[in-house]
Amino acid sequence: MNNSELKKLFNSMTLSEKVGQMGQVTPDFFSNEGEITGPVAEMKLNSGELYSIGSILGTHKPEQVIDIQKKYLENNRLGIPLMFMADVIHGYETIFPIPLALASTFDTNLVKKVAQLSSKEAVGNGIHVTFSPMADLVRDPRWGRVLESNGEDPHLSSKLTQAYVEGYQGKSLLHKNTLASCVKHFLGYGSSEAGRDYNTVSVSDLELYQNHLPAFKAAIEAQVKLVMTSFNTVKGIPSSANKWLLGNVLRKELGFDGIIISDWGAIQELINHRIAEDSKEATRLAVEAGVDIDMMTSSYIKHLGDFIEDGEINIETINQAVWRILTLKNELGLFEDPYRGLMKLENLDQNLDNIRKELEPITRSVASDSLVLLKNEGILPIKTKSTKVGLIGPKAQTKDLLGAWSWIGDKSEVISIYEGLQEQFERLTLSTIDDTDSISKQDLVIVALGENSDESGEAASRSSIQLQQEQVELLKKVYEINQNVVVLLINGRPIDLTNIVNYCKAILECWFPGTSGGAAIADVLCGRVNPSAKLPMSFPASVGQIPIYYNYLSTGRPKNESNKDEKYISKYLDIANDPLYPFGFGLSFSNFECGKVEFSSGSLSKDAPIKITVTIKNLSNISGKTVVQLYIEDKIAEVARPVRELKGFTKVSVEPLGCEEVVFEITDKDLMYIHSNLKESADKGSFNVYIGFDSLAPKVGEFVLV
Ligand code: GLC
């Protein structure tokens, strides 16, 4: 539809039809509509209201979408089609590794590909919009939703967020297999106090602008179509009612002109936050703050019309919201084809089977690229198929490898660790702890430990980040019998591994690896794939260190090698300050080394960036990939700055005994930071440069910004 036709349609809408577009409900509202029971009754939506609703979230099958759209269009006066939205977080039905695992690849091309493939399957199921990527900055593994994030670094998260948005949306939403992307949760949700989900957030403006905003800025620069408000307060006001956050920051400063959608029930929750007396007041606060779509409450549908008729809210506020909603429906081509190609498919199931067949092998290679080798005392890879391999532990045979946000995923399709290992090893023995004799006779024993899917994700915070005690006891018993132990971890958050690290010779962090998880794990264990992933979040040595992250500020009394025994410095009495495994860390079967480093110049200016070239050597006879990381330290600044910040990362493959050159370009934009006036700029001065394979990379030089 062209703009004038869309304008004509818009101008023909009644007030209640406009208000309806700003509502969003789940599909069951349309399944039991006949007898008006269930949520329809609770939300008391009458038929007129129901058939003016603008969008649906959470359908599972294309047939369901077709049925609801058909019934809706038969009852909607102007024939304005519904938009269908869903949480396509790491795949739709064919499940990829969790986002935190995808972040471990440090590979923007891989993430973009996963988003493209996930879109293909979701579109084949009738979905138009995904509530992804989650761009929350996270530093607290007690918070279960770190699983959905890109980790603790603003630069890495910004690059990956951009890749997700570009992967979902492609060049145009009129192209098939594209989804409109909704970046979330705006803003600061990852700093929920004590890691307890939905808890209070109190971070400084400086922290918000410096660390929480960059990934959202990257999404907006990538033309993201929707932003979802977070449950939490920002400066004391819940995001969904926060005029400063949505009006000043998101609309004016970041220039976002797409749809703002609340999180599930967040408008009604303004009552629980005790800033709204009732649903009517909650409605006024949210619409005046700038929320365009009310997810899963009847606040807007029930009260917006009255506010307009009473003159309390300007119709222009509604008009702008509805125009954004109609514009997105038009960009998706829904006016021309409300089924977005579904009705043209000869066989919906065959189409989905074909997509599944295309995606499954890719989930395997993506998963093996996301596994982080944390420890290896020469025991991996397991070189021969005839090696006697024992397998034990609660994760050995489980199909629960998909992780949170995969409820449409088919667990029966999951390749378990046992099934994956069977493919690679001829003398595999599944053991229990009573099989002491068998365990003692194995060349090595794989102990598969970790969390269940419901122990991380939304509403799954934990006060302890250690493994369950019975798992630790199991490992110790196995180690007593046979010390050639390899630990596999299935988990959605960094785990405190201090109580297991001395009872094994290798640890492979597998996260929730998705549909082909067991096969991918076996590919790494047998050396078919050389691990190359790196930690996107620090692994604490204790829950007592949290929040812990690599880009910390120096403080007035920093601890260092020379003063570490002094009393009056920033330290703990009982443990070190350092994490067990730092951000950016991950081992390989190869042995990489940074060779020569060359700076194109010792000084950088606005118009003259510098290039830093580093030679990466592979000293082993095993080809492999690694992530070369470049960190910058701003020596003196107007506000306290991190001891180092990631400013460049590149995944590079190096042949045995070979070497490859990696070139980083640093511009003045890379040196910009948020000043105390909340404005971003770069100051002249000197900077240290660190390059290596994790956040402890050594200093390789310095330069000045002139
Ligand atoms: C949930 C989550 C949000 C998700 C939404 C729709 O509560 O906070 O991330 O997209 O509801 O399922």
Side-chain angles (χ1 to χ4, degrees), residues 23-29 39 43 53-60 82-92 95 98-100 115 118-119 122 125 127-138 143-150 157 161 164-165 168 179-192 195-199 201 212 215-216 219 224-234 238-240 258-270 272-273 286 291-297 299 403-409 453-454 456-461 492:
Q24 180 176 88
V25 294
T26 49
D28 48 349
F29 281 72
M43 284 171 73
I53 279 280
S55 53
I56 300 282
L57 79 156
T59 50
H60 285 189
L82 283 163
M83 218 166 4
F84 289 85
M85 305 191 186
D87 291 285
V88 186
I89 308 298
H90 50 115
Y92 186 73
I95 303 298
I98 55 172
L100 194 60
S118 306
S119 298
N125 279 279
I127 304 302
H128 307 146
V129 177
T130 176
F131 298 127
S132 171
M134 190 257 226
D136 301 337
L137 187 92
V138 297
W143 192 48
R145 302 198 74 169
V146 300
L147 168 144
E148 306 164 54
S149 77
N150 296 316
S157 185
T161 297
Y164 276 110
V165 174
Y168 289 133
L179 289 175
S181 168
C182 174
V183 67
K184 65 188 185 184
H185 307 80
F186 197 76
L187 184 64
Y189 186 22
S191 289
S192 296
R196 200 175 79 228
D197 207 355
Y198 316 122
N199 201 9
V201 167
H212 292 271
F216 287 88
V224 74
K225 296 298 177 188
L226 302 93
V227 171
M228 184 188 293
T229 58
S230 58
F231 290 120
N232 55 280
T233 54
V234 174
S239 301
S240 303
I259 293 171
I260 299 176
I261 183 170
S262 76
D263 202 337
W264 183 295
I267 291 178
Q268 195 75 356
E269 288 176 12
L270 299 178
N272 299 340
H273 278 289
V291 176
D292 299 316
I293 294 180
D294 166 14
M295 185 193 289
M296 267 311 277
T297 87
S299 308
W405 298 105
S406 60
W407 45 65
I408 302 175
S453 281
D454 57 10
S456 53
E458 184 173 356
S461 297

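All heavy atoms count here, side chains included; hydrogens, waters and symmetry mates do not. Ligands are counted one by one from 1 in listed order, and the atoms in each one are counted from 1 as well.
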ask   = Under the side chain to side chain contact (heavy atoms under 4.5 Å, CB included) test, which residues partner Ser456, sequence neighbours left out?
value =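 For Ser456, the residues satisfying side chain to side chain contact (heavy atoms under 4.5 Å, CB included) (neighbours in sequence not counted) are Leu147, Glu451, Arg493, Phe512.
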
ask   = Near ligand 1, which residues have a heavy atom under 4.0 Å away from one of its atoms?
value =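 If the criterion is a heavy atom under 4.0 Å, then ligand 1 touches Leu57, Asp87, Phe131, Arg145, Lys184, His185, Met228, Phe231, Asp263, Trp264, Met295, Trp405, Glu458.
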
query = Do the side-chain N and O atoms of Ser240 and Ser262 include a donor-acceptor pair separated by under 3.5 angstrom?
reply = no

note = In Ser118, Ser132, Ser119, the residue satisfying side chain to side chain donor-acceptor pair (under 3.5 Å) with Tyr168 is Ser132

ask   = Can you say whether the rings of Tyr189 and Tyr198 are parallel (under 30°), tilted (30 to 60°) or perpendicular (over 60°)?
value = parallel

task = Using the test salt bridge (charged side-chain N to carboxylate O under 4.0 Å, His left out), find all partners of Asp292 that sit at least two apart in sequence or belong to another chain.
result = Arg251, Arg324

ask   = Does Glu458 have any salt bridge (charged side-chain N to carboxylate O under 4.0 Å, His left out) partners at least two apart in sequence or in another chain, and if so, which?
value =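 Expected list: Arg145.
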
